Amino acid sequence: MSEPSHKYTPALIEPKWQKKWESEQTFRTQGPESKKPKYYVLDMFPYPSSTGLHVGHPEGYTATDIVARFKRAKGFNVLHPMGWDAFGLPAEQFALQTGVHPAVTTGKSIETFRRQLQMLGFSYDWSREFATCDPDYYRWTQFIFLKLWEKGLAYQTEVPVNWCPALKTVLANEEVVDGKSERGGHPVFRQPMKQWMLRITTYAERLLSDLDKLDWPESTKELQRNWIGKSEGLQMRFPLEGGHGELEIFTTRPDTLWGVTYMVLAPEHPLVSKITTAEQKPAITAYRDEASRKSEMARQDQSKEKTGVFTGAYATNPASGERVPIWISDYVMMGYGTGAIMAVPAHDERDHAFAVKYSLPVREVVKPLGTAPEGCFSGEGTAIDSGFITGKPTSEAKKLVLEWAESKALGKRTVQYKLRDWLFSRQRYWGEPFPIIHSDSGSEAVPLAQLPVKLPDVKSYEPSGTGESPLAAITDWVNVNNSAGVPARRETDTMPGSAGSSWYFLRYCDPTNQQMAFSPEAEKYWMPVDLYLGGPEHAVGHLLYSRFWMKVLFDCGLVTHDEPFQKLVHQGMILGEDGEKMSKSRGNVINPDDVVKLYGADTLRLYEMFMGPLERDKPWSMTAIEGVYRFTQRAWRLFVDEDSGKLFVDDSAPTAEDLKVLHKTLKKVTEDIEGMRFNTAISQMMVFVNHFTKENRRPRECMKPFVQILNPFTPHLAEELWDRLGEKDSLTYAAWPAFDASLAKDDTIKMAVQVMGKTRGMVEVEPGSNQATVEAAARIADGVPHHLDGKTVKKVIFVPNKIINFLLES
RNA sequence: GCCGGGGUGGCGAAACUGGUAGACGCACAGGACUUAAAAUCCUGAGUUCCGUAAGGGGCGUGCGGGUUCGAGUCCCGCCCUCGGCACCA
């Protein structure tokens, strides 16, 4: 039948080593008692979808696996865990259609994911695996929620939320795109409902300033900074006419106070009904009703014209004493600042557009330094016609007005953030129940000893449609007695998906602890995560929430670090062969199972690392992976005679050239792994294989360390070759081969010879050669003399080891 | 509109602090082996012009300027593209 073959056969060697790693628990992590330095390298754990692994997953997972294996060889105690972000909408929607319990669907998906990840040979410590939907895990998610609740950081309130009638649920801002639901594209409306909120805004300043101490991509930090959106300015009160008290506004441009020609309140502002004159009442009421009905999409549509209505009321400008009309408009948001602004149409684009539409006066109070732009000038300049600040530059003028307002007790210096509190409840089944019981006398926490509050079974996953979750229908679960023995009701909302993912990195430190979420020793030893890798799409969601929870736990004294992820790296997206995002509808999806069947896991891993820089988006190429497969086969043939199965490697002495190639390779691969430049590390390994293939020499002294550096990239192949080399101990913990810097250096270097700045030839000289030596050689180097003949050399630029450049008289 | 990333051969990409642009790989061409093909191994190649040839010249890192002996790399002004935010006062 099948003839005995000694060809490279990943289908045989890969499962063999995977089984061995599993049975010998090769990647089992030691605890904090270890004498080794720790290294915690973490992937963003996946949502186990029913469609299985996508080729994008192994990209990041291979990168972290390379680092994990490299660090083990470097003598670190490595924590490299994997688990499942398992609560979420898809499993619930599947349950809605089929009646299959989400736990069943999710369990199946997890099986698939685990099988696929094991097939790829990742060195996870599977003994630490868990899913966020395990009661043993969400028990502690509930525990952390109660910590937030105790600290007053979790509260319930009526808020206008994104209500989607089609999905019959409330959506987070992140789940709404262009006024439609991210899933399904159904219209979303604003509607007030009672919701759980987390007071992330309390931590705005720390979340902002602590970004400076993180080794994260600058672009991601900037995204978080913009999201937090800090701005400093003046909060000040304008007296209202008619004994209505005062109107408080926020401005970042106190220096434009003399340019105020009207004021605007958000339609929802509580003062509106109080100050509106009888005459204006009908128009105001109509406008407010319309605004409240408007969907998020309509409200955010910037192309639309600004609209508003005059209230009939006036305020007094405390600086100029002028009478200022008060309008309402939906371009002012109730949720930011005080929900009211002083409008300066000369120096604010939005105010300008509004003033033009309603023929309100425009008064210039800032003169630009340079040329005056057409329309509205919102930059800095010099104050004009502005009382005591006239003639002052903007920055000084701002300061003067602030000081003046504070001294007259008209207002105060204020910091505003765009960041809003985190909407933390969902009217859904498949999430963590809140450990809260409500009664007429108030709400109370479920005692710790009674955690977890488990999800009960339900008959129907259909949301009630009234905004309550399906849990509300399970009366014998809902109706309980509170601590005083009084009949009460359980909270029936569940937590959002981002709850479980906001602290899972802590649970990995001590995943089976039944007494605590994690032991203090484990947290102290393992945290923070040394390297965290995942897609850039979590830049402001998960990554901000996790930082927030970590800080809360820090303030509770439960953790000793106040940032979870010291270093963060994003992997790019793997695009389809057509250069477009992979999607079922485009038909350009590549399935990792198929690729492994064709080429094996090692080749898939190597190819994904060879495609280009990790953080960049890269198109898949079925022909390019062939090239990488060719490389793995060439590497195999470097060691194994495909006809006899015998080893080519011998104990012959390597040549000086061999050693140079080896040490250059060791150096480049070591440094490139440290810098996460895997594509160029692989290029260098190709150079190594090309050299020894061409020279047809296999000195053990060179081949053995090569297997070791191959290991992080193609661990199955490396283990097999290591075994065939007669090594008994596991390759995993074999010390990383050191390179000899002097051997990695060339003993001659090529210097470019330029004439008038153009490269005309090359000279080969010893490193550090002086100008006289190089110049003499350069003048007679191939391609050079005829450019110098008959010309006078005016000047010679000489940069040792780099270049020599002859400048001629013109 | 604002913030951030990216534009280098036919393609994916290299290039440390300004110093041989195109390493490595794909695709391609030629050769060796073979009855032949595949596979494998070896060789070639940015482009264009002159030359039968050896060889030589010009042009080349999105576009236009600048600094420099020398710019993919630094500075100024643009264009295109991808991602995020979007009336935040």
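Labels below follow one simple rule: chain letters A, B, ... track the order of the sequence lines, proteins then strands, and each chain is numbered from 1. Hydrogens, waters and symmetry mates play no part in the numbers below; they use all other heavy atoms, side chains included. Since this is a predicted model, take the numbers as computed values, not measurements.
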Could you check how far CZ of A:Phe631 sits from P of B:rC24, rounded to whole Å? 13 Å
If I take atom CG from residue A:Leu265 and atom CG from residue A:Asp330, how far apart are they, to the nearest 0.5 angstrom? 13.0 Å
Which whole-number value in Å describes the distance from A:Glu577 CD to B:rC26 C1'? 12 Å
Rounding to a whole Å, what distance do you find between A:Lys230:NZ and B:rC2:P? 24 Å
More 5' along RNA chain B: A:Ala624 or A:His786, using each one's nearest nucleotide? A:Ala624
For B:rC85, the nucleotide meeting Watson-Crick or G-U wobble distances (both under 3.5 Å) is B:rG1
Across all strands, who's sitting opposite B:rC74 as a Watson-Crick or G-U wobble pair, both distances under 3.5 Å? B:rG66
Taken to the nearest whole Å, CG/A:Leu614 to C1'/B:rG5 is 15 Å
Find the distance A:Lys758:NZ to B:rG58:P and express it as a whole number of Å. 5 Å
What is the nucleic acid contact for A:Arg634, judged by heavy atoms within less than 4.0 Å: base, sugar-phosphate only, or nothing? sugar-phosphate
Distance check needed: B:rA86 C1' versus A:Met333 CE, whole Å only. 10 Å
Rounded off to whole Å, could you give me the CG-to-P distance for the A:Asn690 and B:rC24 pair? 8 Å
Residue matched to B:rA13 through Watson-Crick or wobble contacts both under 3.5 angstrom: none
Out of B:rA89, B:rG57, B:rC87, which has the shortest distance to the side chain of A:Arg760? B:rG57
Please state how far atom CD1 in A:Ile682 lies from atom C1' in B:rC26, giving the value in whole angstrom units. 15 Å
